[in-house]
Structures are given as C-alpha cells and as structure tokens.
Amino acid sequence: MAEWKDTCNLPRTAFSMKANLQTTEPETIARWEAMDLYGQLRAARQGRPTFLLHDGPPYANGDIHIGHALNKILKDFVVKSRSMAGFDAPYLPGWDCHGLPIELKVDRELGPKKREMSVADFRRACRAYATKYVDIQRRDFKRLAIFGEWDEPYLTMRYEYQAAIVRALGTFVARDMVYKGKKPVHWCIHCRTALAEAEVEYEPHTSPSVYVEFPMADESRAALAARVPAAAAFQDRPVSALIWTTTPWTIPSNLAVAFHPDLTYAAYDAGGTVVIVAEELGEAIGARVGRPFGAPLATFDGRVMDRLVFRHPLYARDSLGVVADYVTLEQGTGVVHTAPGHGADDYLTGVRYGLDIYGPLDASGHFLDTVELFAGLRVFEANPQVEAALASRGRLWHREDYDHSYPHCWRCHNPVIFLATAQWFIAMDRNDLRARALEAIDRTRWIPAWGRERIHGMIANRPDWCISRQRSWGVPIPAVDCTACGTAVLTAALTERAAQVFTEYSADAWYERPIEEFLPDGLACPSCGGTSFEREANILDVWFDSGSSHEAVLPFAKGHHWPADMYLEGSDQHRGWFHSSLLVGVGTRGEAPFKQVLTHGFVVDEHGRKMSKSLGNVVSPQEVMKASGAEILRLWVSMVDYREEVRLGKEVLARVVDSYRKMRNVIRVLVANLYDFDPATDMVAPADMLEVDRWAMATFAAASARITAAYDDYDYPVVFQASNQLVTVDLSARYVDITKDRMYTFGRASLARRSGQTAMYLIADGLARLMAPILPVTMDDLWRNLPGEREASVHLAEFPAGLARWLDPALLERWVALGAVRDQVNLALEQKRQEKVIAGSLSARVTVAAPGETFALLAGAREELPALFGVSAVEIVDAGDGALDVRVDKAEGLKCGRCWRYVPAVSDAPGVEGLCERCVDALAEPVSL
RNA sequence: GGGCCUGUAGCUCAGCUGGUUAGAGCACACGCUUGAUAAGCGUGGGGUCACUAGUUCGAAUCUAGUCAGGCCCA
C-alpha cells in the first residue's frame, strides 16, 4: 500500500507549517535591509502619484509601548497599501526630542553634577539622552517590520529643524500674533515651570476645606440697605459674607468675593453677626459651622452685591463684591473667594473688574517678602498658618479635610498651583487665526467623521496659546529685554537671526554665543530707545516644536510636499499634535497642513479598562513579539476596529495566533500543490479550466475587489474578515477539500490537475499581494516560495491586477445552490456516521433526490459531484415537485488502493493490482519533470 | 461636572437608510480523518443585540434617561 502513496502528487514545499516568527522575522528584516528594499521601492515608484503620510513624532523617551505599536502598524498599513496600490508613498519617521520629561530624566541622572554644568552642557546631555532613545525606539519600530527612512529620520532637535521652528515663530511675530502678557497658568512649584494643560493630570488629593468670613465694609451696609429694604433692619450690626475655599494659601491674594447674579442669597443671624450665603445652602452651612442660622432676615439676588465692598479677613484692604456666572451651589457657600492671580475664572473676573492680577509668589511657590504674615513660606506649607491667622482673628468659621481631584504635574506628580506669570502667547483672535483654523477644519477629511466636531469644539473654545516655558531643553524664544527699561522685544528680524545661528551651531548657541550674534542691526527698544539688551530664558512649548513639523519637514524631505495627504495618530492628538499643527499651519500658510486626519483609539485590557502599571494589565509589544512575533501584533491590529478603544489580552492574542496559523496553513497547501508547476508553461486558459476552478477564481476575484476597496477606505477589519472568510471557508473547507483528490491522484500533467494548479497559483500569488501590508514577513516568505518569475520581494509588487475577468456572478450563484445541496449531504453523512453506518465520507455513496430545478443543476455538474461531496459515488434522481432528499448508504464495491475511492471493480493487471480505472490511467500518463 | 465617542454570542467582527426564526470566523463539545498531520473535514450547543422608558403596525437599528468604559477638558 505504502508504495501507491509514492505515486501520488502529494504536496511538497519549503514553506514551513510552523512559522518560527521569532527568528524568521529578524532574518527577513535583515535581508530587506541588506537589499535596501525601502530604497528599491522608492526607485520603483518614482514618478507615480504620491501619497504622503506625515509621521507624528513620538516622544524620544522610554521604550515603545503597545500604543506606539498600534500607531506605527496602522501607519505602515496605510503606507504599504498605498504603495501596493501603485502610489509613491514614502514614510519619513520622526521624533519629538525636546521637553520637560527628558529634562527631568537627565536631571535625575546627573544628580548634583548638574549644578556645575552650563545650560548648554546640560542641553548636550539632554541631546545625548534623546539620541539614545531614538535608537532604542527605532530598533523596536524596525522590528515591527515597518518600512521607512529609518537611517535619516527627522528629529526636532536637529539644527535645521530648530531653525525652522524659530522661523515659524517668526511668521507669527511678523503678523503681530504674538504678545507677552500676565496670566495665571498651571505652575509646578517643584519643577519651577508653567505647565500646558496637557502636562497636568488630575489625581486624588486631600485639601483643607475652610469657611472664611469676609466682613462687609461699614459704608456698604448702608448701600445694601438702600438696595434691599429688609436689610435696613441690620445695617447697624456686623454683616459678613462667608466664603469657602480649599486653598487657604490663596487668601492673602484675595481681591474679590464673587456672587452669582441670578441666585438667591439670604442674610442670617449667626449669633450677633449677620452672615450672607446662598439661601439654598443656608441651613446646611449653619449646621456645618455649628452656628444655626435660623430664618433669613432678608433675601435678595446675588446681583445686588455687585461692587459692594468687603474687608480682607487678614489685611487692612478691601475685597470687592463681584458677580460671575460660574458660581454654583454644588459646593461651598455660593460666595466665591476670588484671587485673580491664582485661578483661571478668577483671572477673567479680575480683568472684567480691573483688578490687579496679583500673585505674590516666587517660582518655587514661596511668598514674597512683601506678603505680610507669610513672607518666605511655601504655599502648601502656608495653609495651616493661614488657617491659624484666620482663626486668631475669628474669621475661620469651620475647617475640615476635603478629598477631591486636584491638578498634579504630569512628571513629578506634585500638586500644582495657578500662578500669574509673564508669558508669551499666540493670540487666537488676531489675524483671524481662530476663524481661519475653523474653516480649515471644515476643508479636512476627518476619519472617523466625529473628529471634526471634536477638534472644532476645542479650537472654538480654547484660550490664547501660551507658548513659553521656563525650562532649558527646547528651542529658545529669541526675545530680548531692554536693560534700561525691561521691555521685552521679539521681532521677525530677531527670529531670523536666531534661525541662522541655530542652523550653524544648534539652538545651544542661545546659551553660549555672544548676544551680538542674535541682535539685528539697529535694534532699539521700542519703549525707551535703548540699545542694550539681555536674553530671555524662555523656551517654546514643545507642542510648537512638533506642530511645526510640516514646516520643518514637508518642504525639504525627498518626495514630500505641503500639505500632507494624511496625519494618523491617537484620538488624544485632537488636542495635541493635530491641534498645534493646524494652528501653526494656519498661522504660517493660512491652511491646514493635512488633507485627511485619521485617528485611532487607545489600547485597553480585555475588560475594556485602560492599561496601567497599578492594575497590572499592561501588555508590552516586546512581550508579544517575543512570545508570538510582530506578525501576530500586526494581524491583531488589522482585525480590531481601531476607531474606538481596542482590547488586548490573553484570549485576544490566542485567537489572533489561531487565525494566523489557519491562514498560514491554507497558504501552505496552495504553494505545496505548485511544486511542479511553472506558470510560464503549465498555465491553463480560463476556458479550458474546470468549473470548480473557475468558481474558485470568481470567488477570489470578488474577495480581492472587496479587500482592495477596504484598503482604500482604511478599513482593515474588513480586509481581515474578507481574507479570513476566503481562506477558512472558501479555500480551506471548500476548494482545497474538493480538489484534494484531483490534485493528488490525477495525472501529474493532466489538464484537470493543471487547471487546479492554475487557480491555486493565481490565488496564492494574489493573496501574497493582498495580505502583504498586514503580514509583510509571511507574505514575502510565501512570495519567495511561489514558482515563476517575480520581483525580489512582494513589497515591490502591486495589488493583483486583471482579476476582473474572472468575476462571474452567475457561476457564483450556481455554486451557492450547489453549496446548499452539499450542506444537506453533509448533514446526512454526519447522521450515518453517528449511526456507525459509514466512517469516512469515501466509504459512502449518496443518492440525492432533487426537485426539478436543483436536479438540472446537479445533472449539469454530474461529473464533479463525488468530489464536491467527498464521497465515492453519487446518484441523482429527479424528484419533480418533491423536496430535496439525501440518502446515504455504505459505498459498494472495492476500495482503490491508491485513491481510496470505492469503485465497482479494480484492476488485476500486473503492476496495477487493486487500482481503479482512473488511477490506472493516471499512472499510464507520461510524466516529464 | 462639560465636550466627543463606544457597549451585538467566551474572542474579533457583520448586520445599509427600522420589517422574515440576529449572521460569520475563531474558541468550546462530539464525531470523522491520518495523503495539509504540532494539520484537515463534518455536526452541534451558545446571544432577553448593556439596562429602562418611549416613538412605531413593527426596533439591535430612531428618541430620552440610566449604567459601564475610553479620549480630551474642568
């Protein structure tokens, strides 16, 4: 028996069943590098229409995490699929290199040494640190089989890039969109720097909660009585407003108390003093402070308090009654302590009432010497002292601990404060920046579409952009201060000079080259005419750095152009990079630097919760690559709906691995059946092919069209589902199963076998192309194992062409009907198997009684029915109007020793004893190899 | 607290503009195969479409609310 096996055309291939991705991936990637595949691809696509995905630069700090992997893999899908579709799609990766996190890391690494270093030396240490992480991250990105210009990425710390940043700033300056102002900003007293919104994180915090009495000035009591007749009754008694705050240290900076104009307030008798709070809260507050308020003596709208005067509870100065509509009843007393130098709302109120933006603190949060009682104390440590001072004056009515969410510094995780400081701003409403940005948003394609709403709301409501930071590692704002009068000067001539110096020496020059090199000829102070200046020490917000990438990269990089066709980042970048890039683009060129913006969600764990170290549910890309391979990660990215959060966990990965194996095995069978097939000579013309093979081609052509359309829509889950369906159902369970007998036992060079090989060849070749963007290593491996002349790598090839001629809806429809009969047969076979009448399908013969139309269909495919059902014999009966009925019997006759079918008779001729007629013929066929 | 978004079988996804017993693949169970074999084939079980209340002759599909989750703000 065993010898008959040797006469069969059993599949053979070097394309292994086991992928061993952990070793084959690095090998393949090394081979690509050796052959300069990326360079070859650029050359091959020269002159084609371009598709430019502009990379958003990851921050050059730390190892890559799963979010980076998701992002870069999606970008790679876009780049590779556009390239496969025939576009010239270069990819220039970049890194964001400046900024606080690196500065803090380097600071920590240097320790006390830092004190002896110059700023320029410190910056060089930061540069070295960033360089190190660029290398580390680049290594991992390359390991993910991502194509790109890895040897010359763009870095925001490159000299030319730094120059481009100040030039972009110069454009804003030239258009008078930059101003210096005083504003409270989030300030970290530990890092001694202003923080962008993005640099602030909200964390639980326990603050003191205090109720503080602000006595009303004597003359205002009469004024109140004049406005509210009922108040006349107590105008000779002490009257106070009771405020509530969780930051007692801001009391020394209090300049006002705010009331909501439309809320009802009430005056209560609180043991001698008349106290004013929101009426709705009166009873609860009375209980809380331990002084039952009783019935209101008078009630009135908050607006009557406008411009009445209170006295500061600690100092001999006034605190103005003001109205503001952000006052709520959710917490406190309905009367809001207002310190314009220490709060965003407070600031706006202060501006409206012409109050001083008062924040008497130094950079590390110590009260200045001018502050009575608390000079030199640090804000949070001052809290108890403030409470004590209030208590000793009888102004502290109640205090307790209060747990709430409070802003913390994203790096050092210390609580931050609001502090009024001098900062540089880009004005949102000068030169129509905001309006033009909103228009540019409408001209951009947002994927998914809701991205438009999201960024629109942000741009419409955002305050002026604070672009200055008081740190060292970044691009200096080349502003100078007049030494005579202190006026800050920033002109386009200054930025241009800086750009020239930065190009030659890097931006470190600001800290070590003579100031004269930066001063344009004839610079004079616009305020006093002075000609002596000193440098400011502000650097630019890093969002301005990365937001300028289109200015620094697109006009200069090979094959690039402005604007880019696509930006692709996580949905957090609506407030980050998309946002800053849009503002810079509109500022410099009046247009968005992108035509399309695609966003993806975040990676969460299998339960849908965010990944965090504390929850212990973090999955690292390095782990997955080590355990399974980058192809697994890539396949995972393709199957999930990236538009929302994507889940990743053990089971998800296990399922991905299963899918990968299945796909690999099916592909392997196809190649393995082609070991003796040369497309140049053995290809069968469509008209000569068996119907099953044409059906396979029609099915594949339809799938291919669906898949390429999905790539065009960046709809990778459809690519996955369609290819998975094709592979598991159409190919594995149907086509390969049905053709198995033919491929193995028919004459090697028979038309029937060559017909099947033709279909398998075209499908394998097409599948390699179609799946190459998702599984670049596996498909390249497949490619190299396919017969025929072909490009050195599948990645130099394009999506399959010419499949349209195989499309055949009528054929597909016929086979849907045949498939339905096949399902019925399978059902009947299974029943007989359970009854132990038959074992394998070949031990069965089937009689199908089919109604007229179906009978005709079956009769037309009579010859193929045994293969289609996988049984030894099929008899069909016209059932007329009757229903479809399938009868299964044990096959009669003898089992052919070669093809295992049961046949009426086997040969007894010498050399072919025990074989069926078909096998005898197959063996007689001359074989030439 | 606000803005944007999400919630269909254990997992990943389909279910178009509301209309037959909600589908696919994988996983699971059982059987077959041992010439895709650390493979392959078949059959089967499994979903109150997050919940509640509406609109409608009819809702997974529309509206409102609740709950859970994500991103961004406060």
Side-chain angles (χ1 to χ4, degrees), chain A residues 2 4-13 17-18 197-198 200 202 326 328 330-331 344-345 405 407 448 450-458 460-462 570-576 579 599-610 635-636 638-641 643-659 661-662 664-673 717-718 720-729 732-734 736-738 740-741 743-745 822-823 825-836 838-843 870 898-900:
Chain A
W4 293 130
K5 176 173 180 173
D6 299 334
T7 70
C8 292
N9 311 305
L10 297 183
R12 304 174 201 169
T13 180
M17 176 174 284
K18 195 161 186 309
E197 301 292 348
V200 170
Y202 287 78
Y326 53 80
T328 72
E330 304 213 340
Q331 266 147 359
D345 288 336
S405 172
W450 51 257
R452 189 199 157 276
E453 305 307 319
R454 193 150 197 245
I455 194 166
H456 192 277
M458 289 173 178
N461 297 315
R462 70 156 295 151
S571 59
D572 56 333
Q573 298 304 329
H574 285 115
R575 182 156 283 267
H579 193 112
T599 53
H600 57 81
F602 276 62
V603 183
V604 294
D605 74 6
E606 55 257 277
H607 306 296
R609 277 178 313 212
K610 70 160 87 181
L635 194 56
W636 165 71
S638 81
M639 68 194 272
V640 297
D641 183 357
R643 298 169 197 85
E644 47 195 84
E645 315 92 81
V646 291
R647 294 175 188 233
L648 182 59
K650 266 181 95 176
E651 171 155 18
V652 180
L653 277 171
R655 295 293 84 79
V656 181
V657 170
D658 290 336
S659 298
R661 284 214 191 101
K662 181 75 180 186
R664 187 176 178 93
N665 268 309
V666 174
I667 283 164
R668 180 168 172 273
V669 188
L670 300 181
V671 202
N673 276 312
V718 166
F720 176 86
Q721 299 283 341
S723 54
N724 196 241
Q725 183 79 13
L726 175 78
V727 161
T728 56
V729 180
S732 184
R734 300 213 180 114
V736 173
D737 214 42
I738 292 168
K740 213 183 255 185
D741 172 59
M743 300 307 286
Y744 297 170
T745 68
R822 188 177 190 246
D823 291 342
V825 171
N826 277 334
L827 223 47
L829 286 171
E830 180 63 21
Q831 198 182 333
K832 294 294 173 190
R833 241 196 304 272
Q834 299 290 347
E835 292 168 9
K836 306 287 179 197
I838 58 164
S841 301
L842 278 179
S843 63
R898 185 165 173 274
C899 70
W900 299 344

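Proteins get letters first, then strands, A, B, ... in listed order; numbering begins at 1 in each. Only heavy atoms go into these numbers, but all of them, side chains included; no hydrogens, no water, no symmetry mates.
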Sugar-phosphate only, base, or nothing, as touched by A/Glu644 at under 4.0 Å among non-hydrogen atoms: sugar-phosphate
Whole-angstrom distance between B/A50 and B/U8, as gauged at atom C1': 10 Å
Touch class at under 4.0 angstrom, heavy-atom based, for A/Gly840 against every strand present: sugar-phosphate
Sugar-phosphate, base or nothing in reach of A/Ile838, heavy atoms under 4.0 Å: nothing
B/U56 to B/G18 separation - P atoms, rounded to the nearest Å: 16 Å
Spacing between A/Arg609 atom CZ and B/G7 atom C1', to the nearest angstrom: 15 Å
Touch class at under 4.0 angstrom, heavy-atom based, for A/Arg655 against every strand present: base
Sugar-phosphate, base or nothing in reach of A/Asn665, heavy atoms under 4.0 Å: base
Sugar-phosphate, base or nothing in reach of A/Glu651, heavy atoms under 4.0 Å: base
Atom pair distance, as rounded to whole Å: CD in A/Gln573 and P in B/C4: 20 Å
Sugar-phosphate only, base, or nothing, as touched by A/Arg647 at under 4.0 Å among non-hydrogen atoms: sugar-phosphate
Residue matched to B/C57 through Watson-Crick or wobble contacts both under 3.5 angstrom: B/G19
Residue-phosphate contact under 4.0 Å: A/Thr728 side-chain N/O, B/A24 OP1/OP2: no
Touch class at under 4.0 angstrom, heavy-atom based, for A/Ala672 against every strand present: nothing
Separation between the C1' atoms of B/C62 and B/G19, rounded to whole Å: 14 Å
Separation of B/G3 P from A/Met458 CE (nearest whole Å): 13 Å
Length of the CD1-C1' vector between A/Ile455 and B/C73, whole Å: 14 Å
Separation of atom CD in A/Gln834 from atom C1' in B/C32, rounded to whole Å: 9 Å
Shortest side-chain distance from A/Gln721, nucleotide among B/G44, B/A36, B/U12: B/U12
Sugar-phosphate only, base, or nothing, as touched by A/Ser732 at under 4.0 Å among non-hydrogen atoms: base
base_contact_polar (B/G42 base, A/Glu830 side chain, donor-acceptor, <3.5 Å): yes
Side-chain N or O of A/Lys610 closer than 4.0 Å to phosphate OP1/OP2 of B/G69: no
Between B/A60 and B/C16 - C1' atom distance, rounded Å: 14 Å
Whole-Å C1' distance, B/C49 and B/A14: 13 Å
From B/U12, B/C4, B/U37, nucleotide with atom closest to A/Arg668 side chain: B/U37
Sugar-phosphate, base or nothing in reach of A/Gly608, heavy atoms under 4.0 Å: sugar-phosphate
Touch class at under 4.0 angstrom, heavy-atom based, for A/Asp641 against every strand present: sugar-phosphate
Sugar-phosphate, base or nothing in reach of A/Val736, heavy atoms under 4.0 Å: base
Sugar-phosphate, base or nothing in reach of A/Lys662, heavy atoms under 4.0 Å: sugar-phosphate
Interatomic distance at C1', B/A53 relative to B/A59, whole Å: 14 Å
Same-atom distance (C1') from B/G10 to B/G1, integer angstrom: 37 Å
Trace of the side-chain contact (heavy atoms from CB on, under 4.5 Å) decision for A/Val736 with A/Leu670: CA-CA 8 Å; A/Val736 173; A/Leu670 300 181; 4.2 Å; yes
Out of B/U33, B/A36, B/C4, whichever nucleotide has its closest atom nearest the side chain of A/Arg454: B/C4
Touch class at under 4.0 angstrom, heavy-atom based, for A/Lys836 against every strand present: sugar-phosphate
Side-chain N or O of A/Lys5 closer than 4.0 Å to phosphate OP1/OP2 of B/G35: yes
